[in-house]
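The next block holds one structure in the form of structure tokens; read it before the comments.
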Amino acid sequence: MQLSGKVALVTGAAQGLGKGCAEAILERGAKVALLDTNESAGQETAADFALKYGADRCTFILCDVTAKDQLEGAFQKVVDHFGGLDLVVNNAGILNEVQWEKCIDVNLVSVVRGCHLGLRYMGKQNGGNGGLIINMSSVAGLYAFPSPVYATTKAGVVGLTRSLGMDYKLGRDCVRVNALCPSFTTTAILADPEVPEDQYQHMKDMLERGGGLMQIPDVVKGLAKLLDEDDKNGAVLEVTVQGMKYHGDESGPWDRESGTHQPNLCIA
Ligand SMILES: NC(=O)C1=CN([C@@H]2O[C@H](COP(=O)(O)OP(=O)(O)OC[C@H]3O[C@@H](n4cnc5c(N)ncnc54)[C@H](O)[C@@H]3O)[C@@H](O)[C@H]2O)C=CC1
Ligand SMILES: CCCCC/C=C\C=C\C(=O)C/C=C\C/C=C\CCCC(=O)O
């Protein structure tokens, strides 16, 4: 996707992976709205980006993605402020197995809503120009993971992405939907996850066996791949210290006999 002059909205962008993604999008010439509940970090990030990329190219919007009115209001603010919308990164997420309903709300319900809003504002059938949605899932959404509710939310994001990315609807809305599945990356989410001790110990063990931590720029390379590959729709990209690979090339039962698996290729 050519991003010069385009408009992006990134949730959970005050810090961590969302901030890294937002900066990569700014570097490619787009304008970016940063949404987050953390007002001080969000304002600081926006001020930093304004200095580097220009005050007219970045804005912070205080928004709890789990509050329907706030998320809807934020999408409208972005369109009012920048005059359109071309790219949505649904990134905000938490790991909390204690307040597990909240984990589902932030990581899955809000991503569903963010996708619906992306389609509403970017969909050609609604007067938009088409666009791209990138959902932040996790390797935890692809393999068994010791925090079951978190893993469920991330697997849900994978299913949502694959299904919204089916090409039968692309001719109508011209909005592609892809997902990024990183492994453990150094951000604040690792510092204090609200998980039982046995889950935490098992995660530490997986982290060691998996080859250790990634850094934010490693994951941003995955985002860049999804931004560059315009033929991808419904694609799910795993990013680990071992490299990157797409998931989901297996044929479903409807294609298995004929062997005519139809990858989700963008035809718009
Ligand atoms: N760091 C890691 O190892 C991995 C992280 N992820 C995912 O990446 C995404 C970003 O996480 P990180 O940058 O690692 O963590 P982080 O904790 O540094 O950043 C998360 C951001 O989301 C914001 N946020 C949380 N709840 C929110 C809400 N209700 N409304 C708006 N903003 C909210 C936080 O204020 C924070 O700025 C999450 O979806 C996470 O599940 C996926 C795989 C690995
Ligand atoms: C040791 C501290 C653990 C704290 C974990 C906090 C957040 C983790 C978020 C994730 O999304 C975890 C991401 C991936 C883990 C899933 C599988 C591990 C596979 C290991 C590998 O091959 O890289």
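Atoms considered below: every heavy atom in the structure, side chains included; atoms not considered: hydrogens, waters and symmetry mates. All residue numbers refer to positions in the sequence shown, counting from 1. Both ligands and their constituent atoms are indexed starting at 1 by order of listing.
Distances from ligand 1 to the non-hydrogen atoms of K154 include at least one value under 4.0 Å.
Ranked by closest heavy atom to atom 8 (O) of ligand 1, the top entry among M203, M214, M136, Q70 is M136. Closest heavy-atom approach to atom 43 (C) of ligand 1 within the set P193, P182, C21: this belongs to P182.
At a 4.0 Å heavy-atom cut-off, ligand 1 touches L190 through the side chain alone.
When only modelled atom types and interatomic distance are considered, Y150 and Q199 share no side-chain donor-acceptor pair under 3.5 Å. In this structure, a donor-acceptor pair under 3.5 Å is present between the side chains of E197 and Q201.
Each of the following atoms of ligand 1 lies closer than 4.0 Å to a heavy atom of F184: 3 (O). Annotation for ligand 1: atoms under 4.0 Å from non-hydrogen atoms of G16 are 13 (O), 18 (O). Of all atoms in ligand 1, listed by their number and element, those nearer than 4.0 Å to a heavy atom of S183 are 3 (O), 44 (C). The D64 neighbourhood of ligand 1 comprises atoms 28 (C), 29 (N), 30 (N), with distances under 4.0 Å to a heavy atom of that residue. Counting atoms of ligand 1 from 1 in the listed order, those under 4.0 Å from a heavy atom of C63 are 30 (N), 31 (C). Using a 4.0 Å cut-off to heavy atoms of A92, the atoms of ligand 1 that qualify are 22 (O), 32 (N), 33 (C), 39 (O). Taking every non-hydrogen atom of G12 and a distance limit under 4.0 Å, the qualifying atoms of ligand 1 come out as 21 (C), 22 (O), 23 (C). Under a 4.0 Å criterion applied to the non-hydrogen atoms of A188, ligand 1 contributes the atoms 18 (O).
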>> Run the side-chain contact (heavy atoms from CB on, under 4.5 Å) test on V236 and C181 for me, step by step, so that the C-alpha distance in whole Å, both residues' side-chain angles and the decisive distance to 0.1 Å come before the verdict.
In response: CA-CA 7 Å; V236 174; C181 296; 3.6 Å; yes

>> For M136 and C21: C-alpha separation, side-chain torsions, deciding distance, then whether side-chain contact (heavy atoms from CB on, under 4.5 Å) applies.
In response: CA-CA 10 Å; M136 189 63 78; C21 291; 4.1 Å; yes

Enumerate, one pair per line, all nitrogen or oxygen atoms of ligand 2 lying under 3.5 Å from a protein nitrogen or oxygen, stating the separation to 0.1 Å; write 'none' if no such pair exists.
unit_1	atom_1	unit_2	atom_2	d
ligand 2	11 (O)	S138	OG	2.7
ligand 2	11 (O)	Y150	OH	2.6
ligand 2	23 (O)	S183	OG	2.6

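Residues M1 and D230 form a side-chain contact, since some pair of their non-hydrogen atoms from C-beta on lies under 4.5 Å apart. Taking the side chain as every heavy atom from C-beta outward, T66 and K102 never approach each other to under 4.5 Å.
Of the residues listed (L237, L226, L227), the one engaging N178 in a side chain to side chain contact (heavy atoms under 4.5 Å, CB included) is L226, and it is the only one. Test I104, V195, N96, N107 against V149 for side chain to side chain contact (heavy atoms under 4.5 Å, CB included) and you get one pass: I104.
The line from CG of L108 to OG1 of T152 is 9.0 Å long, rounded to the nearest 0.5 Å. The distance from the CZ atom of F75 to the CZ atom of R113 is 11.0 Å, given to the nearest 0.5 Å. Here the straight-line distance linking atom OG1 of T185 with atom CD of Q215 works out to 8.0 Å at 0.5 Å rounding. Remark: E39 CD to F60 CZ distance equals 5.5 Å, nearest 0.5 Å.
Here D228 pairs with R28 in a salt bridge; the nearest charged N to carboxylate O distance falls below 4.0 Å.
Follow the hydrophobic side-chain contacts under 4.5 Å out from I61 and you reach L117 in the same cluster.
Nearest non-hydrogen protein atom to atom 42 (C) of ligand 1 is S137 O, 3.2 Å. Of the protein's non-hydrogen atoms, Y150 OH, 2.6 Å is the one closest to atom 41 (O) of ligand 1. Of the protein's heavy atoms, I189 CD1, 4.3 Å lies nearest to atom 11 (O) of ligand 1. Nearest protein neighbour of atom 38 (C) of ligand 1, counting heavy atoms only, is N91 O, 3.2 Å. Regarding atom 33 (C) of ligand 1, its nearest protein heavy-atom neighbour is T37 OG1, 3.6 Å. Annotation: atom 20 (C) of ligand 1 to nearest protein heavy atom, G93 O, 3.9 Å. Taking atom 3 (O) of ligand 1 as the reference point, the nearest protein heavy-atom neighbour is T185 N, 2.8 Å. Nearest protein heavy-atom neighbour of atom 35 (O) of ligand 1: D36 OD1, 2.6 Å.
The N/O atoms of S138, backbone and side chain alike, include none that comes under 3.5 Å of an N/O atom in ligand 1. In terms of N/O distances under 3.5 Å, ligand 1 is not approached by T66. Remark: ligand 1 and A13 share no N or O pair separated by less than 3.5 Å (distance only, no angle test). Below 3.5 Å of separation, one finds no N or O of I94 facing any N or O of ligand 1.
Cation-pi check for K154 over F145 is not met; the charged atom does not lie both under 6.0 angstrom from the ring centroid and within 45 degrees of its normal.
S110 approaches D105 most closely through the heavy-atom pair OG-O, 2.6 Å. When all heavy atoms of C58 and F82 are compared, the closest pair comes out as N-CZ, 4.1 Å. Considering every non-hydrogen atom in both N135 and V157, the closest pair reads CB-CG1, 3.6 Å.
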